[in-house]
Amino acid sequence: MTTWLTIGILFTFAAIAFVIYRWGNIECVGVTPVRTFTFIAILFTSGLDVGLIMFPLTEFAGYADLAANPEYGFSNPLAIEFGFWAFLIWAFYFLTCFYFCVIEPRVKFFEIPVIKFINNLVIIGTCAFTAYLLLTNLPWYLPELGDGETIVSSFYLIVFVVIAAAVYSSTSIRYVRTLSLASTWLFLGLIALMWVGAFMSAESGVGEFVTTFALIGDYFGNLHHFVLPLNDYHEFYLFWWFAWSIMIGQFTSRFVGGMKTYQVLVAMMVFPSIPIAIWFSVLYYYSANAIPTAGFYNLAMVVVGITFVINSLDSLIRLYTDNLNLTVQRFGKVKYITGNLVLMCGLTLLFSLDFLQIQWVGALAIALILGCFGYIMATKYRRVAEIERSPKENKIDFGKIELAS
């Protein structure tokens, strides 16, 4: 699996370099373009899930334990956490976003029946894994509902309601913009809330935060360490990012609103990384200074995390139902909601039983990416080589999303 992952990573970065060299200045326009801020909000909230909110406080101690994990000795826990979640790996999303915006309309690789089937297996599996992550993290963040370790019936009920809300919101693409912007503002509000709480508790000021934030700079000095897997846990993260990459690229590509290719790359790597860096710095300050988060702060994180999950599942459910023509228009709202709810709940339970692994899903995504390249080289090379612009039928019309069903 490690060799397969390494091949996928090296190919991805080589492909990104070629895209920027060959098509760096063309204007990218999706089928439902939105303004840049809305695009970034959709990208950020669709491309991340509950793990961003809930993982760091449970992981900092492991990154600091060099006796158990000496491979982390090259940097500090905050920079390592940032490296697992931000900047370089967002380039995965750029490659697939550009492909689905500019190249796929000419190639139609993902319309081949067997490819469409595999792609939707990846999407459905990753949807269920997102809900599973929420389920497994709730005991740590809401110990008041249990013993802090066991998944009790209340947690299953919470996840069921979250899945139901996401399925319902996926019935219309018009909810995407509202949900994405709301998730973004809630996340920024959570950062501000916990920043104030941290420095009131520690009786320190802005200087302490700046000192903590500066630790992230070590990531950029050690960027090469994060390209290939450091250990099995980093490998898990990288497979997870690959599992997301195709579907997030496919989903976000429809909303690109006229940015040039190099601007899309910069937007995808830089803009999401800024709030992630600030958020992780605040959480690391809590961890390093042993400031408790039990109670109100944990509840606030759960609320924002749930919003992220609804947003992510909404995007992905909408994507696979469109791909498979399992739409509201075809089956009606009741059958659509019931079918997707049963599917998502069932697969979430399979992940909780360790029957499914996200690494398998990521490996399938790598196979799709490499297979697409092979297909282009074998059958569509000339067509792709002649590309000089986004598809002609894609026009910059920011009102389209209001008319979308």
Side-chain angles (χ1 to χ4, degrees), residues 30 32 34-55 85-86 90 93 96-97 123-135 137-138 141 158-191 240-241 243-256 267-268 271-276 279 300-322 328 336-337 340-341 343-345 347-348 401 404:
T32 315
V34 296
R35 300 185 188 279
T36 301
F37 181 78
T38 303
F39 171 74
I40 292 170
I42 291 172
L43 166 69
F44 183 69
T45 52
S46 300
L48 290 169
D49 58 22
V50 68
L52 174 75
I53 306 296
M54 295 184 164
F55 272 24
W85 280 95
W90 282 75
Y93 290 174
T96 53
C97 179
I123 297 171
I124 293 169
T126 309
C127 272
F129 183 71
T130 298
Y132 163 74
L133 286 180
L134 175 63
L135 179 65
N137 278 274
L138 284 174
Y141 282 85
I158 291 171
V159 174
F160 175 82
V161 171
V162 168
I163 294 173
V167 171
Y168 181 82
S169 67
S170 73
T171 58
S172 175
I173 200 170
R174 287 175 292 180
Y175 294 130
V176 169
R177 181 171 61 178
T178 300
L179 193 55
S180 296
L181 291 173
S183 300
T184 300
W185 287 114
L186 278 174
F187 180 57
L188 295 177
L190 178 64
I191 293 174
W240 185 11
W241 281 91
W244 276 87
S245 63
I246 294 178
M247 57 194 175
I248 293 301
Q250 190 172 353
F251 182 73
T252 57
S253 65
R254 66 181 66 179
F255 301 111
V256 183
M268 285 186 148
F271 286 110
S273 296
I274 294 171
I276 291 174
W279 171 240
M301 283 189 276
V302 168
V303 169
V304 177
I306 283 174
T307 308
F308 268 45
V309 172
I310 293 173
N311 197 99
S312 297
L313 291 182
D314 168 281
S315 305
L316 303 182
I317 292 169
R318 175 78 184 191
L319 186 59
Y320 76 71
T321 53
D322 280 352
V328 175
Y336 174 91
I337 291 174
N340 282 293
L341 188 58
L343 177 64
M344 284 297 102
C345 290
L347 289 175
T348 300
I401 194 168

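None of these values were measured; they are calculated from a predicted model.
Two residues are said to be in side-chain contact when any heavy atoms from C-beta on lie closer than 4.5 Å; Trp279 and Ile53 meet this criterion. Under the 4.5 Å side-chain criterion, counting only non-hydrogen atoms from C-beta, Val159 is in contact with Leu138. Within the 4.5 Å cutoff, the side chain of Val161 has no heavy atoms near those of the Ile306 side chain. Residues Thr130 and Phe308 fail the side-chain proximity criterion, which asks for heavy atoms closer than 4.5 Å. Contact of the Trp90 side chain with the Leu43 side chain is registered, since non-hydrogen atoms from C-beta on lie closer than 4.5 Å. Annotation: side chain of Tyr168 is not in contact with side chain of Tyr336 (no heavy-atom distance under 4.5 Å). Proximity of Trp85 to Leu52: side-chain heavy atoms (C-beta onward) are separated by under 4.5 Å at one or more points.
Under the side-chain contact (heavy atoms from CB on, under 4.5 Å) criterion, Ser253 pairs with Cys97, Phe100, Cys101, not counting sequence neighbours. Residues satisfying the side chain to side chain donor-acceptor pair (under 3.5 Å) criterion with Thr96, sequence neighbours excluded, are absent altogether. Evaluation of the side chain to side chain donor-acceptor pair (under 3.5 Å) rule for Tyr320 yields Asn340 as partners, not counting sequence neighbours.
Between Ala128 and Thr348 the shortest heavy-atom distance is O-OG1, 3.6 Å. Among all heavy-atom pairs drawn from Ser169 and Ala166, the shortest one is OG-O, 3.0 Å.
Atom CD1 of Ile337 is separated from atom CD1 of Ile163 by 13.5 Å, given to the nearest 0.5 angstrom. From Leu313, atom CG reaches atom CE of Met344 across 7.5 Å, with rounding to the nearest 0.5 Å. Remark: Thr171 OG1 to Asp314 CG distance equals 8.5 Å, nearest 0.5 Å. Of the inter-residue distances, the one linking Cys127 atom SG with Ile317 atom CD1 reads 5.5 Å to the nearest 0.5 angstrom. Atoms CZ and OG1, on Phe187 and Thr307 in that order, are 12.0 Å from each other to the nearest 0.5 Å. If you take CG on Asp322 and CD1 on Ile123, they are separated by 10.0 Å, rounding to the nearest 0.5 Å.
Of the possible donor and acceptor atoms, none in the side chain of Tyr141 sits under 3.5 Å from a partner among the backbone N and O of Met301.
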For this session: Run the numbers on Tyr93 and Trp244 for ring pair (Phe, Tyr, Trp, His ring centres under 6.0 Å), then give the verdict.
Result: CA-CA 8 Å; Tyr93 290 174; Trp244 276 87; 7.3 Å; no
Exercise. Are Leu341 and Phe160 close enough, and set up right, to give a side-chain contact (heavy atoms from CB on, under 4.5 Å), and what steps lead you there?
Worked result: CA-CA 8 Å; Leu341 188 58; Phe160 175 82; 3.7 Å; yes
